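Beneath this line is the structure, given in structure tokens, with notes to follow.
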Amino acid sequence: MRDVAVVGIGVMRFGELWETPLRDLCVNASLQAVEDAGVDRVDSIVVGSMACGLFTEQEHVAALAADYLGLGPVPATRVEAACASGGAALRAGFAEVASGLSDVVLVLGVEKMTDVSGDATTAGLATAAEQEYETFYGATFPGMSAMIARAYMERYHAAPEHLAAVAVKNHAHGALNPLAQFQNTITVDDVLQSVLVADPLHMLDCSPVSDGAAAVVLCSAETARRARKRPIRITGVGFATDTISLYRRPDLTRMAAVERAAKAAYAMARRAPGDIQVAEVHDGFTIMEICSIEELGFVPRGQGKDAAPSGLTALGGRIPVNPGGGLKARGHPVGATGVAQACEIVTQLRGEAGKRQVPGARIGLTQNMGGSAGSASVHIFEA
Amino acid sequence: MITARVWREKKPRYLNQIGRCKGCGRLFFPPRRVCDGCRGREIETRAMSETGRVLTYTIIRVAPPAFAQEVPYAVAVLEMDDGARMLTQVTDVAPEDIRTGMRVRLEFRKIRQHGRTGVIAYGHKAVPE
């Protein structure tokens, strides 16, 4: 396999972007990434999007992006893995460059979620679960994470305050990120006093509904020498699946796909969890960050709950997690998230993260998951 | 939504039909062609135990349109006495009185109506044993 580097990033501020059509989300992030890279050509486009058809009635989004970017006739295809669609697209783009099939690949993550009612968004997100045997009975997407949260809290004696601390930390980080959807700080009381969505999860345990896009330009190490900025290598790639149905998991507190994806990425990069200096982790719900940092090997099992309250995963802690604000504060246009995480880590490893910079960070990790960890993606980046 | 989507799932949902791998004994709800434990393809079907216990649960307070009239309602992961697992609603009990480990029995109930067509779908809900 050839070495692969990120040479350009493009990420916009996520939010309720009513004035911006889907095609402009695609174009704005992509142009920014191509200009950041300084490349004069793109050989292929890979788009990650979970449900653009359900949310905007527009499928065929990869061809739409290629067309409006003026990049036709380059090949352009879409990859889908629910909320891990962005991570899956990054992996597909990596494979194209590593194999030699393409030399310069634009990886775009995009989702436009606010064109439909809140009901329709909720129903669309629930399609990540088993439709005929989970959603059928009235389970919702937050409800699935709520059941994981209850199992975890009862096993490890965690309190709602432990979950809330994750949202508090990620809002504090988001307040330092000019591209975060929410740049306000919140308190544990704010989280616990927000409405219950699915016990024990409150509204502020949940990432928001967002519109947005993010893009990266990947190329071979040789081509990367001509890039405008220091190339950031992708040294580890891992992806794994688990039962799509939560109810069939032997241990309801585990996210085994995250562990398997992480093991594959660590092995490929010849790195260990202790080598990671900064991480972007999938906090679609607060419990997801707690379980994920255990599966990633940052903390022992059962101790994920203590990481945010103790400051371990805050900026200035041993392993800062979600310096960009995470899904909670940066926003979560589902297909864009895996690519936005990569943009944040590249920004950190370039030393361009401003007030949220992790000093001297050289090795970073992104972890993106689909559904209730039915899919998981992990990438390792090195300066 | 066409009625076929409902009637083709009748056997698992109405009869609580599960699959059992003849190779390794793993149970599946609904039945499936390939065992995800040993990849065996000899799967026999049988009825799921009608009693079991709550492994974890939540109280849904924000629901999709098909269930919006029912909030708050409880959804749980159940482990039946034969070891099979399913997810369904727990009813005939105040949601706040549900506990992990609670014994339940399955009852045949209306589950939902589908979209504009109004097709009624039945299945099993859990009630306190």
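All values reported here derive from a predicted model rather than from experimental measurement. Chain letters run A, B, ... following the sequence lines, proteins first, then strands; residues in each count from 1.
Looking at A:T243 and B:R85, their side chains never come closer than 4.5 Å, going by heavy atoms from C-beta outward.
For residues 144-156 of chain A, a heavy-atom distance under 4.5 Å to chain B picks out A:M144, A:A146, A:M147, A:R150, A:A151, A:E154, given by residue number. Contacts of residues 118-132 of chain A with chain B at a heavy-atom distance below 4.5 Å involve A:D119, A:Q131, A:E132, listed in sequence order.
Between B:M86 atom CE and A:E134 atom CD the span is 11.0 Å, to the nearest 0.5 Å. B:Y73 contributes atom OH, which lies 13.5 Å from atom OH of A:Y137 (distance to the nearest 0.5 angstrom).
Between B:V62 and the choices A:V195, A:V197, A:T140, the side chain to side chain contact (heavy atoms under 4.5 Å, CB included) rule is met once, by A:V197.
Under the side-chain contact (heavy atoms from CB on, under 4.5 Å) criterion, B:I43 pairs with B:C21, B:F28, B:C35, not counting sequence neighbours. Looking at residues two or more places apart in sequence or on another chain, you find a side-chain contact (heavy atoms from CB on, under 4.5 Å) between B:K10 and B:W7, B:Y14.
Among the candidates A:P142, A:A139, A:S117, the residue making the largest number of heavy-atom pairs closer than 4.5 Å to chain B is A:A139. Chosen from B:L87, B:L27, B:T88, the residue pairing most often with chain A at heavy-atom distances under 4.5 Å is B:L87. The most heavy-atom pairs under 4.5 Å with chain A, out of B:G123, B:P65, B:P64, B:P30, come from B:P30.
In this structure a side-chain-to-backbone donor-acceptor pair under 3.5 Å is present from A:Y247 to B:F29. Listed for the B:R61 side chain is no donor-acceptor partner under 3.5 Å among the backbone atoms of A:L196.
Within the 4.5 angstrom heavy-atom criterion, no atom of A:S245 approaches chain B. With a 4.5 Å cut-off on non-hydrogen atoms, B:A76 touches chain A through its backbone but not through its side chain. Of the atoms belonging to B:L78, not a single heavy atom falls under 4.5 Å from chain A. Using a 4.5 Å cut-off between heavy atoms, B:I111 touches chain A through its side chain atoms alone. The contact between B:R26 and chain A is made entirely by side chain atoms (from C-beta outward), counting heavy-atom distances below 4.5 Å. Contact annotation for B:Y57: both backbone and side-chain heavy atoms come within less than 4.5 Å of a heavy atom of chain A.
In this structure, B:I60 and A:A198 approach most closely via the heavy-atom pair CD1-CB, 4.4 Å. A pairwise comparison of heavy atoms in B:L55 and A:L252 identifies CB-CD1, 3.9 Å as the closest pair.
The 12-atom threshold is not exceeded at CD of A:E57, counting heavy atoms of other residues, nucleotides or ligands nearer than 6.0 Å. At most 12 heavy atoms of other shown residues, nucleotides or ligands fall within 6.0 angstrom of atom CZ in B:R41. The environment of CD in B:Q69 is sparse: at most 12 heavy-atom neighbours from other residues, nucleotides or ligands sit within 6.0 Å.
Both tests hold for B:R13 against A:Y133: distance to the six-membered ring centre under 6.0 Å, angle to the ring axis within 45°.
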